[in-house]
Amino acid sequence: MAATQEEIVAGLADIVNEIAGIPVEDVQLDKSFTDDLDVDSLSMVEVVVAAEERFDVKIPDEDVKNLKTVGDATAYILKNQG
Amino acid sequence: MAKIKPSKGSPYARILGVGGYRPTRVVPNEVILETIDSSDEWIRSRSGIETRHWANDEETVAAMSVEASGKAIADAGITAGQIGAVVVSTVSHFKQTPAVATEIADKLGTNKAAAFDISAGCAGFGYGLTLAKGMVVEGSAEYVLVIGVERLSDLTDLEDRATAFLFGDGAGAVVVGPSAEPAIGPTVWGSEGDKSETIKQTVPWTEYDSTGKFPAITQEGQAVFRWAVFEMAKVAKEALDAAGITADELDVFIPHQANERIIDSMVKTLKLPQSVTVARDVRTTGNTSAASIPLAMERLLATGEAKSGDTALVIGFGAGLVYAATVVTLP
């Protein structure tokens, strides 16, 4: 069953916590991965691959650069999840 | 029909000796920061690199190779005259013909050893090792010298903040020879030419005059990182399976020293046990493409972090894209 927006944000929070050590409560829709959450460009790739597995979605390299905020990633997953 | 006599080789092959050469000039991040807007902290956090070696005019591709090879030959306990073939992997020898391998074979004092260059980017060591194993087992050479050598400082755009800090120079060599036991596992290798744009030389030599800028190596960082970590972890696992070795049986992991972040992420993805020694030569050597695996191997053995007889997984990957992974017994 497709994940809801809340479930996706919670899932991304777990992933960002695991990869960058950021507290899950800090991972909010308006937060920028690089500016607010200490997720650099390489960690972002790890976040994307983990999100692909968790939400059954494909996020090609050319789309990764457009995912600036948690909200961007959540909307992308909502739209494209399997 | 006339009957052709078959060639006679050794039942198996092994790496008998390893040697390395690192240029005398050590280049810290501070020097890189003279031409890019970055910081030592940023470079270390993105790559793990603290210093790299840059070759001077005398430290040519041939000269560095001869130094590294001399050590590998001595380590193997043979003489140069016993070398039957010399395989050189490089992308930074700027004279295509004749192959630099012939000059190296001559300077080493081999007895007219077969000698040729290959172009397989950062997978070059694994490609050369695979050829060498084939020659020893097939019988066309008893001992084969495999050299990975680069002067990547010549192909570095010092104004590109994404790559200026990455590359280094050096040579690594191994001698492959006969063995009574299997000591080089099956190679898992391949190419993905559809991804050729992700790591490449900026312009062909034929167009360099019109741009006025010497060609350099450029890459798409995120795409390369994803491929190197997640696709190459699968290849590494395949190489372990092909050799019949479990992660618990592995002593040493020597991935191509591209970037410590790639190494960290590969170790995590492969779920390698804590007991496995991981090569992190990239910190003080930078990315030396085809030279990185033998250089890292030499250093692990020299420092005692790894020992002769250890079982090591080696994997190279890079421009092509190309890759090669195999399990070896360390010399």
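Because the structure is a prediction, the values reported are computed rather than measured. Every chain is numbered from 1, with letters handed out A, B, ... down the list of sequences.
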Check: every donor-acceptor pair under 3.5 Å linking chain B and chain A:
unit_1: B:Arg46; atom_1: NE; unit_2: A:Asp40; atom_2: OD2; d: 3.4
unit_1: B:Gln222; atom_1: NE2; unit_2: A:Ser41; atom_2: O; d: 3.0
unit_1: B:Arg226; atom_1: NE; unit_2: A:Asp61; atom_2: OD1; d: 3.1
unit_1: B:Arg226; atom_1: NH1; unit_2: A:Glu52; atom_2: OE1; d: 3.3
unit_1: B:Arg226; atom_1: NH1; unit_2: A:Glu52; atom_2: OE2; d: 3.0
unit_1: B:Arg226; atom_1: NH1; unit_2: A:Ile59; atom_2: O; d: 3.4
unit_1: B:Arg226; atom_1: NH2; unit_2: A:Ile59; atom_2: O; d: 2.5
unit_1: B:Arg261; atom_1: NH1; unit_2: A:Asp40; atom_2: OD2; d: 2.8
unit_1: B:Arg261; atom_1: NH2; unit_2: A:Asp40; atom_2: OD1; d: 2.9
unit_1: B:Arg261; atom_1: NH2; unit_2: A:Asp40; atom_2: OD2; d: 3.3
unit_1: B:Arg261; atom_1: NH2; unit_2: A:Ser43; atom_2: OG; d: 2.9
unit_1: B:Ser265; atom_1: OG; unit_2: A:Glu46; atom_2: OE2; d: 2.5

### Summary
For B:Phe230 and A:Val45, the nearest pair of non-hydrogen atoms, with its separation, is CE1-CG1, 4.4 Å
### Message
Taking CD in B:Glu159 as the centre, count heavy atoms belonging to other residues, nucleotides or ligands within less than 6.0 Å. Is the count above 12?
### Response
no
### Message
Tell me whether the count of non-hydrogen atoms from other residues, nucleotides or ligands lying under 6.0 Å of CD in B:Gln274 goes above 12.
### Response
no
